[in-house]
Amino acid sequence: MTSLKQNNFNEIVLERRSVKVYDPEVKISREELTEILAEASRAPSAINMQPWRFLVIDSAEGKEKLAPLASFNQTQALTSSAVIAVFYDANNIEYIDEIFGKAVELGYMPQDIMDMQLQQAKPYYANMAASDLRDMNLIDSGIVSMQLMLVARAHGYDTNPMAGYEKDQIAEAFGLDKERFQPVMLISIGKAAKEGYPSYRLPVETITTWA
């Protein structure tokens, strides 16, 4: 890598740390949050179905509603600029015609390829076991969540992924259909009030098998 690329890589990836306490005075505009989400949404997904959905909680009222649902992560919820609740849409197949149709309209895909893929994808989704569909959507939503954190870091913000919250209540609490929108994780975003702690990582030799 060139020195500039190396510095960017170190700052965005190697130096990214989960943050527990944020500077509550730092606000991120909805315009910039929209930009961050758009960039994160460039993440790959199975046949480009993009099952992820974002609930951005950035108002004082929203944070107060979230706090009792995030019992282990109230500090992050209340001090961060925003908390992004990542869900997957269990009915995301409803968007398949729009996704593929727009790809043809924008010149990303020929019409005949779209027709062929739709003929294969629709029955595949229709016959997929619910557990398999859930697994696939969780994988795709995990990918976009990591990309969101890296994009946020590139914008100069800190993040913390959180699983300690009332997953069975959060959708309804914010007026979403709990059967359709399935929770994946919360991601707090803002500027750290104090630097996060480094963490030990297992060596590559421990986690990798070559074949």
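Computed from a prediction, not measured in an experiment: that's the story for all the values here. Below, all heavy atoms of this structure are taken into account, side chains as well, without hydrogens, waters or symmetry copies.
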Provide the closest heavy-atom pair for [X] versus [Y] in the form atom of the first, atom of the second, distance.
X	Y	answer
Met136	Ala46	SD-CB, 3.5 Å
Ala43	Ile143	CB-CG2, 4.0 Å
Val104	Pro110	CG2-O, 4.0 Å

In one Ile/Leu/Val/Met/Phe/Trp/Tyr side-chain cluster, 4.5 Å: [X], [Y]:
X	Y	result
Phe54	Ile57	no
Met116	Tyr108	no
Val83	Leu176	yes
Leu78	Tyr165	no
Val56	Phe181	no

Salt bridge (Lys or Arg N to Asp or Glu O under 4.0 Å) between Asp168 and Lys178, worked out: CA-CA 8 Å; Asp168 60 336; Lys178 67 180 296 184; 5.7 Å; no
Salt-bridge contact Arg180-Glu94 (side-chain N to carboxylate O under 4.0 Å): yes
As an exercise, state the distance from [atom1] of [X] to [atom2] of [Y], rounded to the nearest 0.5 Å.
X	Y	atom1	atom2	value
Met162	Met185	CE	CE	10.5 Å
Gln169	Leu66	CD	CG	11.5 Å
Lys65	Ser59	NZ	OG	8.0 Å
Gln117	Asp112	CD	CG	10.0 Å
Arg30	Ile36	CZ	CD1	14.0 Å
Glu98	Glu105	CD	CD	10.0 Å

Geometric cation-pi criterion, [X] with [Y]: 6.0 Å, 45°:
X	Y	value
Lys122	Tyr125	no
Arg53	Phe174	no
Lys191	Tyr22	no

Would you indicate whether the side-chain heavy atoms of [Y] and [X] approach each other to under 4.5 Å?
X	Y	answer
Ile170	Phe87	yes
Trp52	Ser145	no
Tyr88	Val86	no
Ile189	Ile28	yes
Met114	Leu118	yes
Gln76	Asn73	yes
Leu148	Leu150	no
His155	Glu32	yes

Taking [Y]'s backbone N and O only, do any of them form a donor-acceptor pair with [X]'s side chain (distance below 3.5 Å, no angle check)?
X	Y	value
Lys167	Gly164	no
Gln50	Asn48	yes
Lys63	Gln74	no
Asn127	Pro123	yes
Ser81	Val26	yes
Ser141	Asn137	yes
Asp23	Ala193	no
Asp158	Ala192	yes

Derivation and outcome, side chain to side chain contact (heavy atoms under 4.5 Å, CB included), residues Lys20 and Asn160: CA-CA 7 Å; Lys20 307 302 181 185; Asn160 185 34; 3.7 Å; yes
Pair Leu186-Ile84, side chain to side chain contact (heavy atoms under 4.5 Å, CB included): steps then yes or no: CA-CA 6 Å; Leu186 303 179; Ile84 301 169; over 6 Å; no
Trace of the side-chain hydrogen bond (donor to acceptor under 3.5 Å, both in side chains) decision for Gln119 with Tyr124: CA-CA 9 Å; Gln119 287 175 0; Tyr124 176 75; over 6 Å; no
Residues Met49, Asp140; criterion side chain to side chain contact (heavy atoms under 4.5 Å, CB included); working and verdict: CA-CA 9 Å; Met49 283 303 297; Asp140 290 343; 5.7 Å; no
Residue pair Tyr95, Asp89: steps toward the side chain to side chain contact (heavy atoms under 4.5 Å, CB included) verdict: CA-CA 10 Å; Tyr95 291 89; Asp89 181 355; 3.8 Å; yes
